[in-house]
Amino acid sequence: MEEKRTIDIATAKMLEKAKKDNVETAWDRAEKMRPQCGFGETGVCCRICNMGPCRIDLVGDGPKKGICGADADVIVARNLIRMIAAGAAAHSDHGRDIAHTLHMAAEGSDYDVKEPEKLKEIAKYFGVKTEGKDIKEIAKKVAEKALEDFGRYKGLVAYPKRAVEQRQKIWKENNVWPRSIDREIVQIMHQTHMGVDADYINLIQQGVRAALGDGWGGSMIATDISDVLFGVPKPIETEVNLGVLEKDMVNIVVHGHEPTLSDMIVQASQDKELLEKAKEVGAKGINLVGMCCTGNEVVMRHGTKMVGNFLQQEAAIVTGAVDAMIVDVQCIMPSLSYVASCYHTKLITTSPKAKVPGAIHIEFDEEHAYEIAKKIIMVGIENYKNRIPEKVNIPEEKSKAVVGFSVETILNALGGSVKPLVDAIVAGDIKGAAGLVGCNNPKTKHNYYHVELAKELIKNDVLVVLTGCAAYACGAEGLLTLEAKELCGPGLKKVCELLKIPPVLHMGSCVDCSRILILLNELAKYLKTDISDLPVAGAAPEWMSEKAVSIGTYFVASGVYTILGVCPPVLGSKNVTKLLTEDVEKIYGGKFAVETDPHKAAQLIMDHIETKRKALGV
Ligand code: SF4
Ligand code: SF4
């Protein structure tokens with residue numbers, strides 16, 4: 001039964017244990033939820049105003065319009081772009097916090113500018129002069145300029161200027177260049193209010209504009225400034241999966257998204273005083289491990305072990321060996337407080353934006369960052385002695401991995417330019433590249449699609465880059481290792497050997513999808529072409545969150561063919577479905593496809609890559 005739910009043995013073992021311990025998990029709740037409502041699944045349920053809820057009958061003689069007269073096209077488009085708004089808001093609010101942290105670093109706080117060169121580089125895009133200026137002064141100006149992009153009252157968001165000119169032209173001509181990051185999100189909320197926009201094409205266009213404000217705005221700011229504050233990731237070795245928990249150490253899981261907290265926790269976990277305290281309670285030390293995207297942030301920069309992805313968050317607690325789970329924002333299942341209550345685990349919330357009843361709330365504030373980080377870790381240390389030995393069972397499964405592939409690292413490995421990569425593509429050693437991003441979803445077998453798709457692609461000489469929970473899935477399967485070259489086709493194997501890189505490159509967290517945009521942009525720039533002409537594709541195999549909808553949309557609007565492994569709630573409108581899967585290609589050069597079978601998806605990607613290769617004449 002558990003093997004039907006996940007391909008990961010460690011997770012399957014913990015699901016068996018959960019059953020024995022009488023603990024309900026997301027999979028159990030998903031089962032109870034079936035069959036799920038067809039109106040919601042196809043996107044034709046509306047409860048935007050209190051005349052509703054309304055629903056459109058797609059098969060029978062029931063209503064074809066809501067009470068206000070909105071038809072399926074309008075309802076589906078409104079619902080979809082509200083998903084984009086929420087996703088873009090989540091990423092962008094994260095970016096804003098990071099920009100704010102840079103401002104604090106400039107004024108003197110526990111944070112500092114770790115990468116002055118990267119700061120100077122991004123200062124350029126914000127029009128901040130750097131010559132002869134003190135680094136703190138530059139940091140302050142860059143932070144202010146970045147913060148302005150969230151709410152500027154005139155002008156346009158700065159970062160899309162980084163895109164190749166052809167792309168900028170498309171965005172300008174189609175009026176989707178974001179004016180300010182927040183404004184586009186607010187406009188979605190306005191435009192989708194009852195009785196405002198009734199044109200599905202116009203609605204989707206605004207969705208695109210907000211999504212671009214995420215990918216080429218909020219997320220890109222988050223990534224860049226995180227690099228400035230916490231370091232540009234470089235290749236580093238680590239381990240992945242539930243087996244990274246240690247029996248004799250204080251196990252602390254950082255889960256959520258923002259490196260502002262987790263990076264400070266990493267520093268505090270090495271504090272001599274705390275290590276002493278851990279010994280005093282009988283532990284051998286502090287074992288800090290990461291989950292979901294905050295895990296991705298700290299593994300990329302510090303090699304912190306990766307305990308699990310989205311659907312493993314409950315399973316980690318079920319091991320009975322997590323002494324504290326520290327969470328900030330996003331993708332934190334409210335059920336964690338219930339699962340933690342079945343064991344000794346202390347769940348600690350830290351953000352005023354994300355409280356969970358039953359959790360301990362220790363509010364994190366950047367002004368007292370280190371002190372609070374120490375206090376939070378102490379909760380875990382003190383809780384070590386409360387472990388219930390008969391409930392502890394850590395699965396032994398874990399895999400080695402090499403991570404830390406920022407654009408800077410990739411360019412470094414290539415000798416400073418994308419030329420060797422382009423040469424390998426032209427020579428046919430590498431057919432193209434694919435980005436695998438996104439979450440887990442109990443609608444699909446946990447990690448199956450991520451892993452099958454990645455394996456199939458590298459077998460066919462397609463280089464794979466990863467972010468988000470896709471990275472954990474491939475990491476647990478051993479694909480983030482140099483040895484994984486053995487699973488590649490001959491051309492990609494040769495390139496991996498030459499550059500000493502795995503065929504599957506971990507590029508970071510969900511906001512770091514912006515790194516993929518920059519890499520694609522570098523390739524396009526080198527080839528003097530547009531991103532849409534490159535032999536590349538994207539996939540969100542097991543996506544579930546609204547953030548993934550925003551990510552998918554900004555990839556398509558950047559010219560990338562993007563496959564979704566789980567169907568979004570759009571099938572209730574033939575027009576919206578056609579717009580997203582066919583018509584948008586004429587505008588942006590990218591489009592969506594839905595394919596629930598990873599092998600067929602791999603074929604679609606390879607066919608697409610082949611078409612693009614032919615068009616490029618290679
Ligand atoms: S906005 Fe229209 S379709 Fe939506 S709930 Fe109100 S009346 Fe119904
Ligand atoms: S990939 Fe999805 S589930 Fe995982 S952390 Fe990112 S948004 Fe959350």
Side-chain angles (χ1 to χ4, degrees), residues 26 39 43-57 63-79 82-83 86-91 94 191-198 203 214 219 222 254-259 262 290-299 306-314 327-333 354 435-444 446-447 449-450 466-475 506-513 539-552 564-566 572-573:
F39 296 109
V44 290
C45 159
C46 181
R47 45 171 188 70
I48 276 170
C49 87
N50 205 28
M51 289 191 280
C54 300
R55 75 231 174 280
I56 305 300
D57 186 351
K64 302 294 173 211
K65 284 187 174 149
I67 294 166
C68 66
D71 60 14
D73 295 342
V74 177
I75 293 174
V76 166
R78 281 196 308 215
N79 286 338
R82 280 194 169 205
M83 291 181 90
H91 284 146
H94 169 168
Q191 221 167 318
T192 57
H193 184 277
M194 186 269 145
V196 184
D197 197 3
L203 284 159
D214 172 357
S219 283
V254 279
H255 174 22
H257 279 77
E258 297 189 353
S262 51
M291 172 152 271
C292 280
C293 277
T294 212
N296 281 326
E297 297 276 359
V298 286
V299 73
M306 304 162 71
V307 68
N309 56 9
F310 177 70
L311 272 180
Q312 290 177 292
Q313 56 187 289
E314 295 171 311
V327 302
D328 53 23
V329 289
Q330 302 171 22
C331 303
I332 297 144
M333 290 191 196
L436 269 54
V437 306
C439 327
N440 296 134
N441 189 325
K443 285 179 178 167
T444 70
H446 172 239
N447 287 357
Y449 198 136
H450 288 302
L466 303 167
T467 61
C469 288
Y472 285 84
C474 292
H506 185 355
M507 291 190 76
S509 64
C510 290
V511 293
D512 293 339
C513 285
E542 303 178 20
W543 76 275
M544 64 86 200
S545 88
E546 290 162 315
K547 290 178 288 174
V549 183
S550 181
I551 294 173
L564 305 175
V566 188
S573 163

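In each ligand, atom 1 is the first atom listed, and ligand 1 is the first ligand listed. Numbers here simply count residues along the sequence, with the first being 1. Since the structure is predicted, the reported quantities are computational estimates derived from the model, not experimental observations.
The shell of residues lying under 4.0 angstrom from ligand 2, judged by heavy atoms, includes Cys293.
Panel note: side chain Gln313, backbone Cys331; a donor-acceptor pair is recorded below 3.5 Å. Between the side chain of Asp214 and the main chain of Ser550, no donor-acceptor pair closer than 3.5 Å is present. Judged by distance alone, with hydrogens and angles left aside, the side-chain atoms of Asp197 form no donor-acceptor pair with the main-chain N or O of Gln191 at under 3.5 Å. Side chain of Asn296 to backbone of Val299: no donor-acceptor contact under 3.5 angstrom is found. In this structure, Trp543 contributes its side chain and Val566 its backbone to a donor-acceptor pair below 3.5 Å.
When the heavy atoms of Gly438, Cys331, Cys510, Cys469 are ranked by distance to atom 4 (Fe) of ligand 2, first place goes to Cys469.
For a distance threshold of 2.8 Å, the protein N, O or S atoms nearer than that to atom 4 (Fe) of ligand 1, listed by chain and number, are Cys46 SG.
Using a 4.0 Å cut-off to heavy atoms of Lys547, the atoms of ligand 2 that qualify are 7 (S), 8 (Fe). Near Phe310, meaning under 4.0 Å from any of its heavy atoms, are these atoms of ligand 2: 3 (S). Interface atoms of ligand 2 facing Met544, defined by a heavy-atom separation under 4.0 Å, are 3 (S). Those atoms of ligand 2 with a heavy atom of Cys292 less than 4.0 angstrom away are 5 (S).
Scanning the protein for heavy atoms near atom 2 (Fe) of ligand 2, the closest one is Cys439 SG, 2.4 Å.
Side chains of Met507 and Thr467 form a contact here, defined as non-hydrogen atoms less than 4.5 Å apart. Counting heavy atoms from C-beta on, the side chains of His94 and Val329 never come closer than 4.5 Å. Within the 4.5 Å cutoff, the side chain of Gln312 has heavy atoms near those of the His446 side chain.
Just one residue in the list Glu297, Lys547, His91 forms a side chain to side chain donor-acceptor pair (under 3.5 Å) with His257, and that residue is Lys547.
Taking both residues in full, the closest heavy atoms of Thr294 and Pro259 are given as OG1-N, 4.4 Å, listed atom of the first, atom of the second, then distance.
When non-hydrogen atoms are compared, ligand 2 lies under 4.0 Å from the side chain of Ser545 (C-beta onward) but not from its backbone.
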